[in-house]
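Residue numbers start from 1 in every chain, and the chains themselves are labelled A, B, ... in the order their sequence lines are given, proteins ahead of strands.
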Amino acid sequence: MPELPEVEVVRAGLAPAVTGARVEGVEVLDARSIARHDGDAAAFEAALVGRTLGAPERRGKFLWVPIRDGADALLAHLGMSGQVLVREPGAAPDRHTRIRLLLDQPVHGPIEIRFADQRIFGGLAVRPLVAADGGRAVPDQAAHISLDPIDADFDASVVARRLRRRRQGVKAALLDQTLVSGIGNIYADEALWRSRLHYATPGERLTQARALALLADVRDVLEQALAEGGTSFDAQYVNVNGQAGYFEHSLHAYGRGGQPCHRCGATMVREPWANRSSTRCPRCQRRPRGIAV
DNA sequence: ACGAGCACCTGACTGC
DNA sequence: TGCAGTCAGGTGCTCG
C-alpha cells in the first residue's frame with residue numbers, strides 16, 4: 001500500500017488495535033521482512049515481547065508504533081506490496097504473511113497483527129527514536145524524510161522555495177522524499193495533471209505562486225484519496241480489515257493512457273519515465289520549451 | 001546536483 | 001501447455 005493515503009488508512013485502522021496493547025508473542029515467518037532490523041529474528045522478538053505499544057504515527061510513507069517506557073519504536077514500511085492486517089487470533093490465513101504479532105489489547109482482548117508482503121520490499125524493524133525537525137521523535141531510518149503535505153507543521157512556502165531552487169523536473173522533485181514526503185507515482189501524476197504541468201518542467205521555472213498551487217494540488221489529491229480510503233487496483237492495497245479503497249474511480253491521469261483527458265478530451269499518453277512510467281495529457285500538460293524529454 | 005541504472009522480490013499477464 | 005519477457009503504487013545505492 002505504498003503512498004501516503006494508503007499508509008494513513010493503515011495507521012488509522014491500526015490505532016485502536018495496538019494502542020496500549022501488550023505484545024504477547026512474535027513470529028517471524030520470513031527473515032527477509034526484518035532485513036532493516038539490526039539483529040536476527042530472535043533479537044527482533046526479544047525487543048518486542050512483554051512490551052506495551054503506544055499510538056501509531058506516520059510521516060510520509062513511514063509508519064511506526066512507539067514502544068512505551070523506552071526510546072524505540074516498531075517501524076513499518078510497506079514497500080510496494082506490504083499490508084498490515086488486524087485479525088482474530090487463529091483467523092483464516094492471509095496470503096504472503098511474513099510476520100505475526102500476538103497482542104493483548106486492554107479493551108478488545110487478544111488480537112493478531114499480520115504483516116503480509118508479496119514482494120518483500122517492505123518490512124518491520126525495531127529502531128531507536130531520534131529527534132527530527134520540529135523536535136519530534138522519529139525512527140532513525142525515517143529521520144531523513146521530510147514532513148508530508150498533510151502534516152500540521154508542513155510549510156508550503158518553504159517547500160515551494162526549495163522546489164524552485166531545483167533544476168530537476170518537478171515529478172522527480174515531488175518523488176524525492178527528502179523534499180516532501182508521501183508522494184509516489186500515482187499521486188505525482190494526479191497532482192501534475194491538476195496543475196497542468198509536464199513532468200519534466202524544471203523546478204526553477206516555477207514562480208512561487210505556481211509552486212504553491214502545485215503543492216496545494218498535491219495536498220488536495222492526497223486528502224481526497226484518504227477520504228475515499230485510498231487507491232486499490234487489486235487485492236494488494238487494502239486497509240487493516242482487508243477492504244479496498246475507492247479512489248481508483250477518481251483518477252484523472254494514472255493508468256489512463258489511451259483514454260480521453262477528463263478536462264479537454266485529448267488522448268492521454270503513457271510514457272517511459274525513470275525506469276517506470278508517467279501518464280499525462282499531451283494538450284493540458286505540454287512539454288516546456290527548450291526541455292528535451 | 002542530478003539523472004541513469006541497478007538491486008532488492010513475487011506474481012499476474014502477454015505473446016509466441 | 002509452457003516459457004520468456006514485461007510490468008507493478010518504493011527505496012537506496014553506485015556511477016558518471
Side-chain angles (χ1 to χ4, degrees), chain A residues 1-10 29-36 58-63 75-84 94-98 115-125 127 139-146 148 162-192 199-205 218 221-222 225-226 228-239 244-248 250-251 253-257 270-279 291-293:
Chain A
M1 280 234 186
E3 304 184 46
L4 184 153
E6 294 78 30
V7 180
E8 175 57 20
V9 164
V10 169
L29 304 169
D30 191 325
R32 293 175 298 179
S33 289
I34 57 161
R36 298 170 79 173
R58 182 192 54 72
R59 175 176 291 207
K61 307 171 198 173
F62 284 79
L63 169 67
L75 176 64
H77 197 288
L78 303 177
M80 289 283 267
S81 55
Q83 302 175 331
V84 179
D94 290 289
R95 208 175 174 198
H96 305 306
T97 299
R98 311 289 184 193
F115 179 77
D117 191 5
Q118 180 204 113
R119 295 175 69 184
I120 325 182
F121 288 169
L124 303 184
R127 304 294 314 185
D140 62 345
Q141 286 181 351
H144 63 299
I145 300 298
S146 288
D148 60 63
R162 289 183 61 201
L163 172 60
R164 294 175 55 225
R165 285 201 291 269
R166 298 208 176 190
R167 207 171 308 171
Q168 69 183 155
V170 278
K171 179 164 175 174
L174 290 179
L175 292 180
D176 179 351
Q177 307 294 302
T178 69
L179 176 68
V180 50
S181 68
I183 305 163
N185 209 23
I186 292 182
Y187 300 110
D189 278 4
E190 292 303 306
L192 291 171
Y199 56 81
T201 310
E204 64 184 3
R205 287 222 192 164
V218 167
V221 75
L222 294 176
L226 176 56
E228 296 179 24
T231 302
S232 308
F233 291 119
D234 56 37
Q236 299 290 344
Y237 306 100
V238 295
N239 68 13
Y246 291 93
F247 192 72
E248 178 189 353
S250 303
L251 294 174
Y254 187 86
R256 296 199 64 252
R270 179 170 178 266
E271 299 160 311
W273 180 86
N275 272 342
R276 36 214 313 209
S277 68
S278 203
T279 304
I291 299 296
V293 179

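Checking side-chain atoms of A/R59 against main-chain N and O of A/A142 turns up no donor-acceptor pair under 3.5 Å. Formation of a donor-acceptor pair under 3.5 Å by the A/D140 side chain with backbone atoms of A/R127 is not found in this model.
Comparing the C1' positions of C/dG9 and B/dC2 gives an interatomic distance of 24 Å, to the nearest angstrom. Spacing between C/dT6 and B/dC6 at atom P, rounded to whole Å, works out to 13 Å. Going from the C1' atom of B/dG3 to that of C/dA8 covers 22 Å, rounded to whole Å. Annotation: C/dT11 and B/dG11 have their P atoms spaced 22 Å apart (nearest Å).
Consecutive Watson-Crick or G-U pairing (both distances under 3.5 Å) extending over three or more pairs maps onto DNA chain B as B:2-8 with C:10-16, B:10-16 with C:2-8.
Closest approach of A/G82 and A/D117 over heavy atoms only: N-OD1, 3.3 Å.
Phosphate proximity of C/dG9 to A/Y254: present, with a side-chain N or O under 4.0 Å from OP1 or OP2.
Residue A/Q118 is classed as a base contact, given a heavy-atom separation below 4.0 Å to a base. Among the heavy atoms of the strands lying under 4.0 Å from A/N275 is at least one base atom, whether or not backbone atoms are also near. Within 4.0 Å (heavy atoms only), A/S277 reaches sugar-phosphate atoms of the nucleic acid but no base atom. Backbone-only engagement by A/G169 is indicated by non-hydrogen atom pairs under 4.0 Å involving sugar-phosphate atoms exclusively. Base contact: A/F233 has a heavy atom under 4.0 Å from a base atom.
Atom CG of A/L251 sits about 4.5 Å away from atom CD of A/E190, to the nearest 0.5 Å. Rounding to the nearest 0.5 angstrom, the gap separating the CZ atom in A/R164 from the CZ atom in A/R205 is 14.0 Å. Going from atom OG1 of A/T279 over to atom CG of A/L192 covers 11.0 Å, rounded to the nearest 0.5 Å. The distance from the CG atom of A/L75 to the CD1 atom of A/I34 is 13.0 Å, given to the nearest 0.5 Å.
Mapping A/A274 and A/F121 onto DNA chain B by nearest heavy atom places A/A274 at the nucleotide closer to the 5' end.
Scanning for ring pair (Phe, Tyr, Trp, His ring centres under 6.0 Å) contacts around A/F121 gives an empty result, with sequence neighbours left out. With sequence neighbours excluded, the residues forming a side chain to side chain contact (heavy atoms under 4.5 Å, CB included) with A/A188 are A/K171, A/L175, A/I183, listed by chain and number. By the side chain to side chain contact (heavy atoms under 4.5 Å, CB included) test, A/S146 pairs with A/R162, sequence neighbours left out.
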Contact letters for nucleotides 11-16 of chain C, in which S counts primed atoms plus P, OP1 and OP2 and B counts the base, heavy atoms under 4.0 Å: SS----
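With respect to the salt-bridge test (charged N to carboxylate O, under 4.0 angstrom), the residues A/R58 and A/D148 qualify.
Aromatic ring pairs are classed by plane angle as parallel below 30°, tilted from 30° to 60° and perpendicular above 60°; the pair A/F247 and A/Y187 is tilted.
The distance from atom CD of A/E271 to atom P of C/dC7 is 15 Å, rounded to the nearest whole Å. Per the geometry, CG belonging to A/N185 stands 8 Å off P belonging to C/dA8, to the nearest Å.
Note that the first and last nucleotides of DNA chain B, 5' to 3', having any atom under 4.0 angstrom from a heavy atom of chain A are B/dC2 to B/dA12.
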